[in-house]
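Notes follow the structure.
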Amino acid sequence: MTLAAILAPLLALCVVARGMGFLPALGVVTAIAILVDGLEPLQQVGAGLVLVFSIGPAWFLSYYQHDGVQERGGPAVPFLALGLMVVLLLASARSGSAAFPAGLCVVLAGLVAVTCRHAMVWQWAGLLTCINGIMLAGVVEKQIMVVGVTALAGCVIALLGGMCVHRVMPRIAVVRAPGRDGDKKKGKKHKSSQSETGSTGAPRPDYVPKPPLADAESEA
Amino acid sequence: MTIPVFLAALAFAWPLLGAAVVMSVSTPRSRDVAVWMAGIGCLLALAVFLFPATGAVATGWDDDPVQRAGRVMLACGLLLTVLESRDMADRFLRGLPHVSTALAGLACVAPDPVIGLGILEASLAYGVFVFSRPAGQARAGWALVRTGSVGIFLVLAGLLLPVGSPSAGLMMACGIVMLAGLTPFGQPWRAENDTFLFLPFAGAALLLAMRLRVHGGEAFDNALVAAGLASVWLTACAGRSDDGMRLFRTFPSALALIAVGAQADVAALLFLCGWCLAGGSRSGRSWAARALACFPPGAPFVGCLLLLSMMSDWSWIFTVLTVAGILCAVVRAVPAGGFGRDIWPDDVAGRMACSVLVLTGFLVPLAMMLGAF
């Protein structure tokens, strides 16, 4: 049992409590926990996939605005995950298993996040937490089939979740404000457009949201 | 390569070929082509059941007669789905029943249940991709992915725990219940997508549950029986309300899970037949409601008799609870005006389903007595 294996369930609890923000940290710690045991090809592949499935979605989400869904019963949810982890530890101790089931604790935390949270992004983070946990447990148990199926499930969840985010969440678009350095060079071309819009050099905010897509309108 | 091996390989590849052909032809011709492809697929599945490939067990592929018969039921469900459907302009939607049935069949026969779970995840991903393509369906698609993936992760987590431990059995049973879509625990399926994706998906989950029993142990069996009983009793309590009708749609899968838990695989096969041919959104029709309510003649009725005979050896308390639950559910879920008099439906699809249900109800006990199962 390593420090990384203990930290992984704690970070999974942070994902349950706070959401997607802790997922990259969980991914890094899980990858370290996988690599500490050895550097065989299975472990290297598992660690790489964990990093991709943890950091990729968080990076992708940085291009989108928060959906701002109100959560109910938030404070109790991490304690539910903690209670389930304790039950799992007691059950594994009773069945005679000496190893700390770090991966399965992470899976339980992810399952709690998926079932108890209502925001789509939070549920996505919960599913990716499950992927991290199963990958960790599969690599520790050296079950190649489990690692392969988890990799497939991770691809499916990352892609379908990304598609859903792209359709239901407004994207952050960078718009260059008129009247700045880049616009001064173009001079005359922009004069006509400025007079049309009525913005005579006044700075606009850099980040303006696009209008939400059809899904966001219909499903709001 | 011997003929049975070739037949087995062709039976697995045929629905995928059918999907490719149905997606490539023009819309007006697609339904006829789909019916032909699904019909040939049914015959191939039947041929594989009658002439199994010898030596398949030695190479790791599952060759259980119940599993082979289950794949025949999945193929019959595909034929019925195709017969019921109209011309569809969307190519992906047109090919979806074929793809999902092919992947469900492959998931059941895979040498390791873990691989079967992976194939089910792929099937779910394809189905959700097809269903969530129209505008406004993104969140509905996400709900399907979420619930199905939770079920798959629960089973995977159970498979990673020690063999026969209570926690492993419990987690795997919870996962199977979610994959089988048992109301109120399972997927938020709706009428338009359940026959295309859900029927083969849940059927494959039921067939996989029989293979997971070795790993799950006693806790797995008990948890499956408890979940099935809970669903049956909830159906009985909900009565004829909307919730009751929603629960009644998965009534055969609840009974099938009880049968799997009670180690009555042939009874589970008969309930699977009822599920594939009368379950889901078909439960609103009088002939389907009659079959689902385990009225004779039909596969679910015979399955009930087999299940109760097996359960009485297993546990008297569970037998009494099951009998009482089934009777209450049937009495309370039957439509207010009865089933009506149209025992023999007017449409071709309904007639085919009724014939298969009655034939299966007669032939499966006969085959059981002859030692086929």
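In this structure, A:Leu152 CG and B:Ile115 CD1 are separated by 11.5 Å, a value rounded to the nearest 0.5 Å. With rounding to the nearest 0.5 Å, the separation of CZ in B:Arg146 from CE in A:Met120 is 10.0 Å. The structure places CG of A:Leu88 at 11.0 Å from CG of B:Leu170, a figure rounded to the nearest 0.5 Å. To the nearest 0.5 Å, the span separating CD1 on A:Ile134 from CG on B:Leu159 amounts to 9.5 Å.
A heavy-atom distance below 4.5 Å is not found between the side chains of A:Arg94 and B:Pro166. Considering only heavy atoms from C-beta on, B:Leu156 stays 4.5 Å or farther from A:Gln143 through its side chain.
Counting all heavy atoms, side chain and backbone alike, B:Ala138 lies closest to A:Cys164 at O-SG, 3.7 Å. Here the closest non-hydrogen pair linking A:Ala137 and B:Leu160 is CB-CD1, 3.6 Å. Here the shortest heavy-atom pairing between A:Val156 and B:Ala125 reads CG1-CB, 3.5 Å. Here the closest heavy-atom approach between residue B:Val114 and residue A:Val149 is recorded as O-CG2, 3.3 Å. Of all non-hydrogen atoms in A:Ile157 and B:Phe153, the two that sit nearest each other are CD1-CZ, 3.5 Å. Closest non-hydrogen pair, A:Leu127 versus B:Ser149, comes out as CD2-CB, 4.0 Å.
Residue A:Leu159: no heavy atom, backbone or side chain, is found under 4.5 Å from chain B. Residue A:Glu141 touches chain B through its side chain alone, counting heavy-atom pairs closer than 4.5 Å. At a 4.5 Å heavy-atom cutoff, the contact between B:Val128 and chain A is made by side-chain atoms alone. Proximity to chain B is limited to the side chain of A:Leu111, based on heavy atoms less than 4.5 angstrom apart.
When the candidates A:Leu104, A:Val107, A:Thr150 are compared by the number of heavy-atom contacts under 4.5 Å with chain B, A:Leu104 comes out ahead. In terms of non-hydrogen atom pairs under 4.5 Å with chain B, the most contact-rich of A:Gln123, A:Met163, A:Met145 is A:Gln123.
Within a 6.0 Å radius of CG in A:Leu90, other residues, nucleotides and ligands contribute more than 12 heavy atoms. Annotation for A:Phe79: atom CZ does not count as buried by contact number, only 12 or fewer foreign heavy atoms lying within 6.0 Å.
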